[in-house]
Visitor: 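Following this message is one structure expressed as structure tokens.
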Amino acid sequence: MSKNRTAVTILTLATLVLISPLVLNQHAILGVDGYFQYNRIYEAAMQIRHGNFSFINLYSFQQAGRIVNSLYSPLITYLAGALLLLLGTWFKFQLVSNFLLYFTSGYLMYRAAQKLHLPKKLSISLGVIFLTSNAVYGFILGTTWRSIALGLLPMFVGPIVDLYEGDWTLTKTLKLGLTVGFFAQFQVLTIVIFLPFLVPFALRGIFKTKYRVDAFLNLLAGVLFALILSLNALLPMLEVYHGNTLISPVAMDLVDNASKILQPIYTGVDSNSDIVLTFIVYAMIVGLILFWSQLKPFTKFFSITALVYVIIGTALFPWDSIQKSIPVLQSYLQMPRRISLTGTPFLIVATALVYYDAALNTESQSLKKGVMVTGLVFGVFSLSLCTQKVAQNVHFTTQENTSLADGLQTTETNVHSKLRRISQLQPFFHTKDLQKLIIQVDRTTPDYVPVTHKIKNRPEDYHRVYAMYTKNFSSQQHKYKYKVIHGRIQISWTAKHAKMRALPVTAYRRTILKLNGRQIDDHQIKHNWIGNISIRQKAGHNVLLIGYSDSLVTKLGDAMSDLLWLVIVILFLLSKRPTAFDWQQHQFFGTTK
């Protein structure tokens, strides 16, 4: 970064402007995914603080024995938990986590533009546009985790160029594998959506290279490297999904949730900065038509691929027919706009590349200057609009008449709390007792809960699921005492009679339950359809211990992946020391002399 001080300074200032409504008002906002993600981060923080590490969530999600963190970017969540402990309050964590995301996403876009040999000033403008785009603003407005993953996508620009040019040396393919493995630590779904983006460049590159067999073997090595690095994210999913019937994500109408990039509509958490992307996508189409003959082959290839991704996520694609033929996409893709969002960073940089290529090849100084000025205007415009949206959300959540549910961007039935207004949450963001924010609200999110049978994907069925989850879990917690002991949850209660009792506890295939000192088998448990269990209590004091025994394969895969990441981090840090062994000479990290 020392070589890019101007970029670092401007992107830092842009990020500070974006989060300034939070700072100036000393006010935090959560949004639609806030409680789900903050519960995960709190869980990781408490496991670190108390040294109680477990496959199941011990301190969060109603302490029901649910598996959430192990299935959702576990390694990164532990890092977020460590950051929370270091900072001490949720408000400081929100400020720092937002700053890290938006500065990093802007800087990565700047570096991506530099790799494509765009001018520094234009590259900085593209960084500002990206950090305020719909791909990433969801984190500050709604705490959406996918924004973190999408913010890292520009790091793939370098590997994309290598694939296209047929530079498939072992160093480069391992670098690609490292990038994919790193990305998988943040969100598996986004990397699944993104990987097809690489296919056209890989096909072109394999035909260009003279050493196809060697190149293919190197690519296989890169794929294997990526898989090993991703084992800690993949194996827990395979284990839990294999032996259990889990609540699938709610089904959504694909057409209703397509991208509005061609006709921006500002609803929900959307920011008016979307209009900048609308200008950009139409500018790309016009530029490709006007300057096609003046563009470099890579620019054409890159631009068309990005444009296809963006268009697929809109209603121009036949999503009505697709959801009738493949209804499972309504639950697992849910929103076609995710495809458009994945293409957003490449759309931004590719559009600039189209016009800059045209300016160079036509030797038009006016066009070149126009590209620079337009980039600057779009950057300022996008930053201004997005910051105003953050300020509006802050204002909305400070109002005494804004309900808790409205402030969390959900319905009343999906919130269980004694609080009635979103403004009542603010003191708990500023206290050092991290638990206080978490226990104020149970936001109904029954993700990954095991149920007795597959629930239909209709929205009306999910309304019933959410209501029943609140009734059987959140509303029952106050009747029991909870304690975490050596990686297990202890739940205790006193009963007048010996009989079957429904508990706010869930049990997976490999969950281990000990009632009053004795392990109980599955045939002694009644699994209720919503996911909670019933067991036979005794008269008097009852104690239930909830634990989990993950498979040997999962344990070994996790250990292998985590150990490899530790080695990579150590080698990376050593490579940055001036007196360290000359790793660059050996091109361990894919650098060239």
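Everything quoted here is computed from the prediction, not taken from an experiment.
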Visitor: Is any side-chain heavy atom of T89 closer than 4.5 Å to a side-chain heavy atom of H430?
Guide: no

Visitor: Rounded to the nearest 0.5 Å, what separation is found between the CZ atom of R443 and the OG atom of S474?
Guide: 11.0 Å

Visitor: Would you call F317 and P336 a side-chain contact if the rule is heavy atoms closer than 4.5 Å?
Guide: no

Visitor: Any chance you could measure L434, atom CG, to L84, atom CG, to the nearest 0.5 Å?
Guide: 4.5 Å

Visitor: Please check this pair: side chain of S230 against backbone of A233, looking for a donor-acceptor N/O pair closer than 3.5 Å.
Guide: no

Visitor: I need the R40 CZ to S73 OG distance, nearest 0.5 Å.
Guide: 4.0 Å

Visitor: Under 3.5 Å, side chain of Q37 to main-chain N/O of G34, donor-acceptor pair present?
Guide: no

Visitor: Are the side chains of T245 and T452 in contact, using a 4.5 Å heavy-atom criterion?
Guide: no

Visitor: Check the pair I546, L513 against side chain to side chain contact (heavy atoms under 4.5 Å, CB included), reporting the backbone distance first and the verdict last.
Guide: CA-CA 5 Å; I546 311 166; L513 300 175; 4.0 Å; yes

Visitor: Walk me through it: do Q440 and L425 pass the test side chain to side chain contact (heavy atoms under 4.5 Å, CB included)?
Guide: CA-CA 8 Å; Q440 296 308 311; L425 270 182; 3.9 Å; yes

Visitor: Let's go through Q519 and K514 carefully: what are the C-alpha distance in whole Å and the side-chain angles of both, what is the deciding distance for side chain to side chain contact (heavy atoms under 4.5 Å, CB included) to 0.1 Å, and is it a yes or a no?
Guide: CA-CA 4 Å; Q519 185 167 327; K514 285 188 177 181; 4.1 Å; yes

Visitor: Would you tell me whether D550 and T554 have side-chain atoms, one donor and one acceptor, within less than 3.5 Å of each other?
Guide: no

Visitor: Does any donor atom in the side chain of Q477 or Y482 lie under 3.5 Å from an acceptor atom in the other side chain?
Guide: no

Visitor: Is the shortest heavy-atom distance from the side chain of I422 to the side chain of Q399 under 4.5 Å?
Guide: no

Visitor: Decide side chain to side chain donor-acceptor pair (under 3.5 Å) for S551 and E239; before the verdict, give the C-alpha distance in whole Å, the side-chain angles of both, and the deciding distance to 0.1 Å.
Guide: CA-CA 8 Å; S551 68; E239 175 176 311; 2.8 Å; yes

Visitor: Could you check if a side-chain atom of Y137 sits within less than 4.5 angstrom of a side-chain atom of S147, using non-hydrogen atoms only?
Guide: no

Visitor: Looking at the rings of F156 and F197, which for Trp means the six-membered one, are their centres under 6.0 Å apart?
Guide: no

Visitor: Check for a donor-acceptor pair, side chain of T431 on one end and backbone N or O of F428 on the other, with a separation under 3.5 Å.
Guide: no

Visitor: Quick check for you: to the nearest 0.5 Å, what is the distance between L515 atom CG and Q537 atom CD?
Guide: 9.0 Å

Visitor: Do V240 and Y548 make a side-chain contact, defined as non-hydrogen atoms from C-beta onward lying under 4.5 Å apart?
Guide: yes

Visitor: Should V68 and T445 be marked as a side chain to side chain contact (heavy atoms under 4.5 Å, CB included) after you check the CA-CA gap, both sets of side-chain angles, and the distance that decides it?
Guide: CA-CA 11 Å; V68 180; T445 47; over 6 Å; no

Visitor: Given 3.5 Å as the limit, does a donor-acceptor pair link the side chain of Y448 with the main chain of Y72, or not?
Guide: no

Visitor: Validate the cation-pi geometry between R337 and W319: distance from NZ or CZ to the six-membered ring centre under 6.0 Å, angle to the ring axis within 45°.
Guide: no

Visitor: Give a yes or no on whether K555 atom NZ has more than 12 heavy-atom contacts from other residues, nucleotides or ligands under 6.0 Å away.
Guide: yes

Visitor: My understanding is that only one of L544, V505, N542, L503 makes a side-chain contact (heavy atoms from CB on, under 4.5 Å) with Y480; could you say which?
Guide: L503

Visitor: Any chance you could measure T132, atom OG1, to L18, atom CG, to the nearest 0.5 Å?
Guide: 7.5 Å

Visitor: If we only count heavy atoms from C-beta on, is the N232 to Q185 side-chain gap below 4.5 Å?
Guide: yes

Visitor: Just checking, is any N or O donor in the side chain of D442 or T470 under 3.5 Å from an acceptor N or O on the other one?
Guide: no

Visitor: Supply the atom-to-atom distance T314 OG1 to K260 NZ, rounded to the nearest 0.5 angstrom.
Guide: 10.0 Å

Visitor: So, S534 side chain and M500 main chain: donor-acceptor pair closer than 3.5 Å or not?
Guide: no

Visitor: Please determine which of L341, D33, L189 meets the side-chain contact (heavy atoms from CB on, under 4.5 Å) test together with R146.
Guide: L341

Visitor: State which residues pass side-chain contact (heavy atoms from CB on, under 4.5 Å) with T398; sequence neighbours excluded, sorted by chain then number.
Guide: H27, V394, H395

Visitor: Do the side chains of I41 and W90 get nearer than 4.5 Å, heavy atoms only?
Guide: yes

Visitor: Take atom NE2 of H242 as the centre, draw a 6.0 Å sphere, and report whether it contains more than 12 heavy atoms from other residues, nucleotides or ligands.
Guide: no

Visitor: When the aromatic ring centroids of F36 and F61 are compared, is their separation below 6.0 Å?
Guide: yes

Visitor: Mark yes or no for whether W565, through its side chain, and F182, through its backbone, hold a donor-acceptor pair below 3.5 Å.
Guide: no

Visitor: Give every residue pair that meets the salt bridge (Lys or Arg N to Asp or Glu O under 4.0 Å) criterion with at least one member in residues 411-430, sequence neighbours excluded.
Guide: E400-R421

Visitor: Does the side chain of Q94 come under 3.5 Å of the side chain of Y38 through a donor N or O and an acceptor N or O?
Guide: yes

Visitor: Indicate whether any N or O donor in one side chain lies under 3.5 Å from an N or O acceptor in the other, for D320 and Q323.
Guide: yes

